[in-house]
Amino acid sequence: MSVSTKNRSLTPPDISARKGQTPIVCLAAYTTPIAKLIDPHCDLVLVGDSVGMVMHGMPNTLGVSMDMMVMHGAAVRRGLKKALLVIDMPFGSYEKSKEQAFENAARFMCETECGAIKIEGGEAMAETIEFLTKRGIPVMAHVGLTPQAVNVFGGYKTQGTGKDASRIMNDAKAIEQAGAFSVVCEKMPDPLARKITAKLKIPTIGIGASAQCDGQILVVDDMMGMFTEFHPKFVKRYANLGEQLGDCVAEYAKDVKARKFPAPEHVYDYAGEK
Ligand code: KIV
């Protein structure tokens, strides 16, 4: 059955129903103006905890707070009409107990009107995912390279290589069994991402995974060339806005110093507004 989504936001079941269909377009974003610009092209917009590194200059995602996620989540909500809004649970907000996870996830749902939350981790998070899903909170899972575990992994290393592939496959099966409506597969070998995609009935969303995943996600600042601290191989740069911004500011500075800005068309006379 095809469901019309005209004039309404996409829901987690709409995303699940896209398994094996047209690839699902996802981006991570953090502000209202960017959300407005990307909404017509996206099925799902994630407010990722990457916000800590991209927008706040943090060295990793571990210092991101619930308050930061609520503030950016609400901002993105105001910019979306169509795409499903998903918010990342930050490090320390869900791992202690399923009750802690519910309390914080419910806060996201109430204060940002997001449609779902995302949790990093596989088998270890299955019980929590089941608890949340059965209580009205749709969960997107995240397996493979889970950046909140950077210290356990010893860096942002590819996961699931060699014999370790079965660990990631088990994680993926466990989160599906627990009721997750989709799963992000990050930085893992292409053949493993294909196997997981073939095995699961829920959509896989790849980032550094495989073109055969059911959808793809990138951080909007990465693909626009605005965030240049890191450039992982999996990021395709579709623009060089960071470089352009630098050029614009250099030109502005030159104009200001030469008193070329403001020009007559930018100033007011005694007659007032024209
Ligand atoms: O934090 C983030 O932006 C993410 C995605 C890139 C998957 O988790």
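Counting starts at 1 for both ligands and their atoms, following the listed order. FYI, side chains are in, hydrogens and waters are out, and symmetry mates aren't considered; it's all heavy atoms of this structure.
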*Which distance, rounded to the nearest 0.5 Å, do you find between the CD1 of I24 and the CG of L10?*
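Reported value, rounded in 0.5 Å steps: 10.0 Å.
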*Shortest non-hydrogen contact from F108 to I117?*
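Looks like CD1-CG2, 3.9 Å.
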*Which pair of heavy atoms, one from A141 and one from A180, lies closest together, and at what distance?*
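The answer is CB-CB, 4.1 Å.
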*Hey, is D14 close enough to R8 for a salt bridge, meaning N to O under 4.0 Å?*
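A salt bridge is present here (some side-chain N lies under 4.0 Å from a carboxylate O).
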*Does NZ or CZ of R259 come closer than 6.0 Å to the centre of the six-membered ring of F261, within 45° of the ring's axis?*
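No - R259 does not lie over the ring of F261 by the 6.0 Å and 45° rule.
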*Show the numbers, then the answer: is there a side chain to side chain contact (heavy atoms under 4.5 Å, CB included) between H41 and L27?*
CA-CA 10 Å; H41 310 284; L27 278 174; over 6 Å; no
*If you have a sec, work out which protein heavy atom is nearest atom 2 (C) of ligand 1 and how many Å separate them, to one decimal?*
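Minimum-distance protein heavy atom for atom 2 (C) of ligand 1 reads S50 OG, 3.2 Å.
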*Heavy-atom nearest neighbour in the protein, as seen from atom 4 (C) of ligand 1, with distance rounded to 0.1 Å*: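 Its nearest protein heavy-atom neighbour is L46 CD2, 3.6 Å.
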*ligand 1-proximal atoms of D88, by part, heavy-atom distance under 4.0 Å*: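 Side chain only; the backbone of D88 stays clear of ligand 1.
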*Report the part of T61 (side chain from C-beta onward, or backbone N, CA, C, O) that has a heavy atom under 4.0 Å from ligand 1; answer both or neither where that applies.*
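Within the 4.0 Å criterion, T61 makes no contact with ligand 1.
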Using a 4.0 Å cutoff against the non-hydrogen atoms of [X], which atoms of ligand 1 qualify?
{"X": "K118", "value": "8 (O)"}
{"X": "V219", "value": "3 (O), 6 (C)"}
{"X": "I207", "value": "6 (C)"}
{"X": "G48", "value": "1 (O), 2 (C), 3 (O)"}
{"X": "A28", "value": "3 (O)"}

_Let's go through V64 and M58 carefully: what are the C-alpha distance in whole Å and the side-chain angles of both, what is the deciding distance for side chain to side chain contact (heavy atoms under 4.5 Å, CB included) to 0.1 Å, and is it a yes or a no?_
CA-CA 8 Å; V64 173; M58 293 177 169; 4.0 Å; yes
